[in-house]
Amino acid sequence: MAETRRLPANRREAGARLDALVREHRFTIAVVFPLVGAVTLLASAEGLLPPPLAYNPFFVLFGTLVMRLPLVAGVFPLLDRKATFALVALTAYSYGIELYGVTTGWPYGEFAYGVDLGPMLFGEVPLGLPVFFFPLVLNAYLLVLLLLGRRAESALPRLLATLAAVMLVDLVLDPGAVAIGFWEYEVQQFYGVPWSNYRGWLLSGTVAVLLFDWGFDRAGLYRRLDQCEFMLDDLVSFVVLWGGINAFYGNWIPVALAALLGAGLLWTDRFDFDLSETRLGSAVWR
C-alpha cells in the first residue's frame, strides 16, 4: 500500500512542498497551460466549442490559478501581517473601483463583460478579480527589481519603472481580451480599447504598486527571486497566452509589446527551463 503523505507540519514545510511542486511541473505550468488556454479561448471565440465548454468560467479560473502557482509559491513565505494587510486593502480597492467602473464608466470608459469569468460579485464584478489583477502588477514589480538591479533601491525610479511595466502589460492584455470577447468597450480606439482605459489602469496600477512596495519586504523579494528560478514563470505564461491570442488576430503592436516583455525575461535569465528536471521532461526523455 502506498504511503499517504502527511500534511505539512508548519508553514516552512508547506512552502518547501509548494516550491517542489512548481519545480516538478514547471514547464507544464508555464508553457503547456497557457498554450492550451490560448487554443481553447480562440476556439471559444471562433465558435468551435460547444456551449458547455466554450468560455467555461471554471476552466478559465482553474487555468489562471494554476498559472499563478509560481508567483504564489514565491511570495508565500513573505506573507506577514503587513503584506497581508496590503493585499486585503488592494482587494477592497479592486472590487470597489471595478464595480464603480462597470456602473459609471469611470475611470476605464464604458464597458461590459462579454462572458462570465467565474462567479460575479453583485452580478457585476468577477469574484476572482484579485486573481486576475494582482499578479499582473506584482510580476511587473519583480521584473523591474531584476532589470534595474541596484538602481531599484531608489524609490522614484523603481515605482515609475514598475508603473511603466504595468501599462505595458495592459497594452498587451486588453486588446487580446477584447478580441476574444472577454469584455467590450463602447468607445474603441486602440485595437478596440479606449485610451481612457489606460488612464484607469494608470490610477489602479499606481495604487497597487504603492501598496505592494509598502507591504512587501524588498530584501525578502530579492532573496526569493534568487531562490526561486520559477518566480516569474507567471509572466512567461502571460507572454505565451496573450502574445499568442494577439498574434492570431493580427494585433501586431500588442504582439511586439509581448515580445518586449519576453525580452526582459530573457535578459534576467527567466526563460531558463531545464526540461529534464520537470516531470514532463523526465517522462519524455526516460
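When reading the values below, keep in mind they use all heavy atoms of this one structure, side chains included, and skip hydrogens, waters and symmetry mates.
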Contact summary for [X] and [Y], nearest pair of heavy atoms:
X	Y	answer
Pro175	Asp170	CD-O, 3.7 Å
Ala152	Leu145	CB-CD2, 3.9 Å
Glu13	Leu7	OE2-O, 4.5 Å
Ala54	Ser44	CA-OG, 3.3 Å
Gly243	Ala258	CA-CB, 4.0 Å
Val66	Ile29	O-CG2, 3.3 Å

Using a 4.5 Å cut-off on heavy atoms from C-beta on, say whether the side chain of [Y] contacts that of [X].
X	Y	result
Glu46	Phe248	yes
Val115	Leu117	yes
Pro254	Leu171	no
Met120	Leu127	no
Glu124	Tyr95	no
Leu90	Val137	no
Val187	Trp195	no
Pro107	Trp201	no

Reference residue Leu232; test side chain to side chain contact (heavy atoms under 4.5 Å, CB included); the match among Leu71, Leu146, Leu138: Leu146
Could you grab the distance from atom [atom1] of [X] to atom [atom2] of [Y], nearest 0.5 Å is fine?
X	Y	atom1	atom2	value
Arg223	Leu225	CZ	CG	10.5 Å
Leu168	Leu173	CG	CG	11.5 Å
Glu98	Thr103	CD	OG1	10.0 Å
Leu136	Asp234	CG	CG	7.5 Å
Ile245	Phe182	CD1	CZ	7.0 Å
Ser196	Leu202	OG	CG	12.5 Å

Heavy-atom neighbours of Phe85 CZ exceed 12 at 6.0 Å: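 No, CZ of Phe85 has 12 or fewer neighbouring heavy atoms, counting only those of other groups under 6.0 Å.
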More than 12 heavy atoms from other groups under 6.0 Å of CZ on Phe59: no
Can a donor-acceptor pair be found, under 3.5 Å and without considering hydrogens, that links the side chain of [X] to the backbone of [Y]?
X	Y	result
Asp116	Gly118	no
Asn246	Gly176	yes
Asn56	Pro52	yes
Asn139	Pro135	yes
Thr104	Trp106	yes
Arg26	Val31	no
Arg11	Phe76	yes
Asp80	Ala83	yes
Ser94	Pro130	no

Donor + acceptor pair across side chains of Thr40, Tyr55 (<3.5 Å):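 On atom types as modelled, these side chains do not qualify, holding no pair under 3.5 Å.
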Should [X] and [Y] be counted in the same cluster of Ile, Leu, Val, Met, Phe, Trp and Tyr side chains packed under 4.5 Å apart?
X	Y	value
Leu148	Val166	no
Val178	Phe133	yes
Leu48	Leu35	no
Met167	Val209	yes
Val22	Phe62	yes

May I ask you to say whether [X] pairs ionically with [Y], meaning some side-chain N is under 4.0 Å from a carboxylate O?
X	Y	result
Arg158	Glu153	no
Arg17	Glu24	no
Arg224	Asp19	yes

Side chain to side chain contact (heavy atoms under 4.5 Å, CB included) between Leu69 and Phe230, worked out: CA-CA 10 Å; Leu69 279 176; Phe230 55 76; over 6 Å; no
Centre-to-centre under 6.0 Å for [X] and [Y], is that the case here?
X	Y	value
Tyr113	Phe111	yes
Tyr141	Phe212	no
Tyr108	Trp183	no

Using atom types as modelled, flag every donor-acceptor pair under 3.5 Å from a side chain in residues 214-222 to any protein atom, sequence neighbours excluded.
unit_1	atom_1	unit_2	atom_2	d
Asp217	OD2	Gly220	N	2.8
Tyr222	OH	Gly149	O	3.4

Residues Ile180, Tyr249; criterion side chain to side chain contact (heavy atoms under 4.5 Å, CB included); working and verdict: CA-CA 9 Å; Ile180 59 173; Tyr249 288 107; 3.8 Å; yes
Asp174: which of Tyr191, Tyr185, Tyr198, Trp242 passes side chain to side chain donor-acceptor pair (under 3.5 Å):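 The option that passes is Tyr185.
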